[in-house]
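Only heavy atoms go into these numbers, but all of them, side chains included; no hydrogens, no water, no symmetry mates. Worth saying up front: this structure is predicted, and the values here are computed from it rather than measured.
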Amino acid sequence: MGILVGRKRALLLYYYYVVPLLLFLFFVQTFSLVSALNYTTKQQVSSLRLDRIRRHLDKINKPPVITIPSPDGDIIDCVHKRKQPALDHPLLKNHKIQKVAPEMPKFKKKREENDEMGSSSSSSSSSSSSSNSGSSNEVKGAMLMQMWHTNGTRRCPKGTVPIRRSTTHDVLRAKSLFDFGKKQRNTNSLLHRRRREDAPDVVSGNGHEHAIAYTGSSEEVYGAKATINVWDPSIEMVNEFSLSQIWVLSGSFDGSDLNSIEAGWQVSPELYGDSRPRLFTYWTTDSYQATGCYNLLCAGFIQTNSRIAIGAAISPVSSFSTNQYDVTILIWKDPKLGNWWMGFGDNTLVGYWPAELFTHLADHATMVEWGGEVVNSRPNGEHTSTQMGSGHFAEDGFGKASYFRNLEVVDSDNSLSSVRGISTLAENTNCYNIKSFYNDQWGTYFYYGGPGKNPQCP
């Protein structure tokens, strides 16, 4: 009996420590494109700082029931639902995980058959003879995968949720332990002060640039939905990122109490250590000052799904003038319990942001934004060459420029309706731009993005 127990312990140690190390070495040797950038800089780290980092990692890396190594070097821990980081939040000490699935919002009128957006865990492969004229686009289904699914394990055991394990190297790439997993707070600039009433959360003076569509700031909104084209934009500097997402917002846009719920895909070498597009979430209740974080890197978001790992790489990605892939994301407020849920595909529930976390969003949202964001750190005093979307401008159209399609909002009666009369904004159209359209199949949609640095964007 003792020998059997010893063997089990040895096996657990092997999978928990040896396998991740072997995968990491394989990853470094195999993926030359990803490792071409020095994502983890060599630096002297004091023992005191390492101790602080390890204590923090012990808080967010919960003991797994099983561990699943991913071919891209990630380690996915299957953690019991009641042991996940979210429930460490002081506002959630008495929170009971919602067991009854919320009623998903339904579209107010029947759509055309070709407007369907795939099965619960799928994306879409699209083709069209039109670039951006607003004519119909043929859509056919294609299976979406996360990288950790490719080893044959497509879900965690019942009662557990998949959580991407954070490492010491992940933390060391951040500016500080406090900044790990957080967006940098937007600071006012001249353009921000001029435009904040129209699009208050998208313009900042700390190098963030956007190409977005948005609703008015006085509406009562209870959620938003869109289907987002997936690409793998190139990133010039390790501290820069490129993302495409939905923002659900409420609060004071020029103060310190902005509430924001966000989800989409992003490429962030600093956060993940590679250049792959990854599914992500974010939340804040104080204008990105102290509360909230990406994914499950702090207490807050409660995951309920055993197949979708937030922060894990997604594939396949779109290719220039060939196959196009997209993901559908829905964020909406459960009308019964008030929690803000995230849906992926048409019917897959990923998890929720508990109502207890929020102040203004405890009631409803007042604005929704859809679009792209990059960080421009101005390396060598010039505009970054970090791409947004596909790296092509909006006018290049389908198969070349990235798109958001079927922009919808959730009304007070828990129904979806197509957004009409949206506004668009891009700070510097020579670097990144956006053009919106409408047709019966894609509803309200837009192309967006750009290459960053170019002769017109020095």
Side-chain angles (χ1 to χ4, degrees), residues 33-34 36-39 41 131-132 173 175 183-196 198-214 229 231-245 247 264-271 274-277 288 317-321 369-404 423-436 446-458:
L33 175 62
V34 174
L37 290 176
N38 187 14
Y39 288 145
T41 57
S131 59
N132 58 8
R173 286 191 301 270
K175 187 164 60 175
K183 284 188 175 183
Q184 298 300 305
R185 189 192 180 201
N186 292 349
T187 55
N188 286 343
S189 66
L190 176 61
L191 184 57
H192 177 71
R193 293 191 291 271
R194 276 176 23 210
R195 296 299 299 271
R196 66 188 180 204
D198 295 326
D201 186 48
V202 299
V203 190
S204 66
N206 63 346
H208 290 239
E209 297 188 22
H210 307 77
I212 61 120
Y214 58 96
N229 199 194
W231 292 81
D232 53 351
S234 66
I235 311 297
E236 181 174 356
M237 304 296 292
V238 67
N239 63 336
E240 298 178 339
F241 65 65
S242 181
L243 59 76
S244 297
Q245 69 167 70
W247 290 260
W265 63 261
Q266 69 177 161
V267 175
S268 176
E270 181 179 281
L271 190 58
D274 64 22
S275 57
R276 294 181 177 83
Y288 306 94
V317 298
S318 302
S319 300
F320 188 76
S321 295
E369 298 166 358
W370 302 262
E373 177 183 0
V374 301
V375 170
N376 171 26
S377 63
R378 295 196 63 81
N380 302 315
E382 299 177 329
H383 196 285
T384 182
S385 60
T386 288
Q387 298 173 336
M388 180 188 292
S390 68
H392 286 257
F393 287 113
E395 49 268 29
D396 287 349
F398 184 83
K400 300 175 183 176
S402 188
Y403 61 79
F404 277 62
S423 301
T424 59
L425 172 69
E427 292 98 329
N428 190 342
T429 56
N430 289 327
C431 306
Y432 316 102
N433 69 354
I434 180 171
K435 295 182 181 296
S436 65
F446 60 82
Y447 293 102
Y448 71 103
K453 182 182 176 182
N454 66 80
Q456 283 72 46
C457 176

Any side-chain to backbone donor/acceptor pair from Asn376 onto His383? Under 3.5 Å, distance only.
no
Is the distance between the ring centroids of His208 and Phe241 under 6.0 Å?
yes
How far does SG of Cys457 sit from CG of Asn428, to the nearest 0.5 angstrom?
5.0 Å
Pairing residues for Ser318 by the side chain to side chain donor-acceptor pair (under 3.5 Å) criterion, not counting sequence neighbours:
Asn229
Supply the atom-to-atom distance Met388 CE to Glu373 CD, rounded to the nearest 0.5 angstrom.
8.0 Å
I need the Ser244 OG to Ile212 CD1 distance, nearest 0.5 Å.
12.5 Å
Are the side chain of Ser390 and the backbone N or O of Lys400 linked by a donor-acceptor pair below 3.5 Å?
yes
Just wondering, do Lys183 and Leu243 contact through their side chains at under 4.5 Å, heavy atoms?
yes
If every non-hydrogen atom of Pro277 is compared with every non-hydrogen atom of Val317, which pair is closest and at what distance?
CG-CG1, 3.4 Å
Under the 3.5 angstrom rule, does the side chain of Gln387 hit a backbone N or O of Ser234 as a donor-acceptor pair?
yes
Taking all non-hydrogen atoms of both residues into account, name the closest pair between Tyr432 and Pro451 and its distance.
CE2-C, 4.3 Å
Keeping Thr386 on the side-chain end and Glu236 on the backbone end, is there a donor-acceptor pair under 3.5 Å?
yes
Atom of Phe446, atom of Ser436 and distance for their closest heavy-atom approach:
CB-CA, 3.7 Å
Taken to the nearest 0.5 Å, the spacing of Arg173 CZ from Asn239 CG works out to 12.5 Å
After noting the C-alpha distance and the side-chain angles of Leu271 and Gln266, does the key distance pass the side chain to side chain contact (heavy atoms under 4.5 Å, CB included) rule?
CA-CA 10 Å; Leu271 190 58; Gln266 69 177 161; 3.5 Å; yes
Given 3.5 Å as the limit, does a donor-acceptor pair link the side chain of Asn454 with the main chain of Asn430, or not?
yes
How long is the span from the CD1 atom in Ile434 to the CG atom in Leu425, to the nearest 0.5 Å?
8.5 Å
Kindly give the heavy-atom pair with the smallest separation between Pro269 and Glu240, and that separation in Å.
CD-O, 3.5 Å
Per ring pair (Phe, Tyr, Trp, His ring centres under 6.0 Å), Tyr448 is matched among Trp231, Trp370, Tyr403, Phe404 by Phe404
Val374 pairs by side chain to side chain contact (heavy atoms under 4.5 Å, CB included) with which of Cys431, Ser242, Pro233?
Ser242
Is there a donor-acceptor pair closer than 3.5 Å between any side-chain N or O of Asn433 and the backbone N or O of Phe393?
no
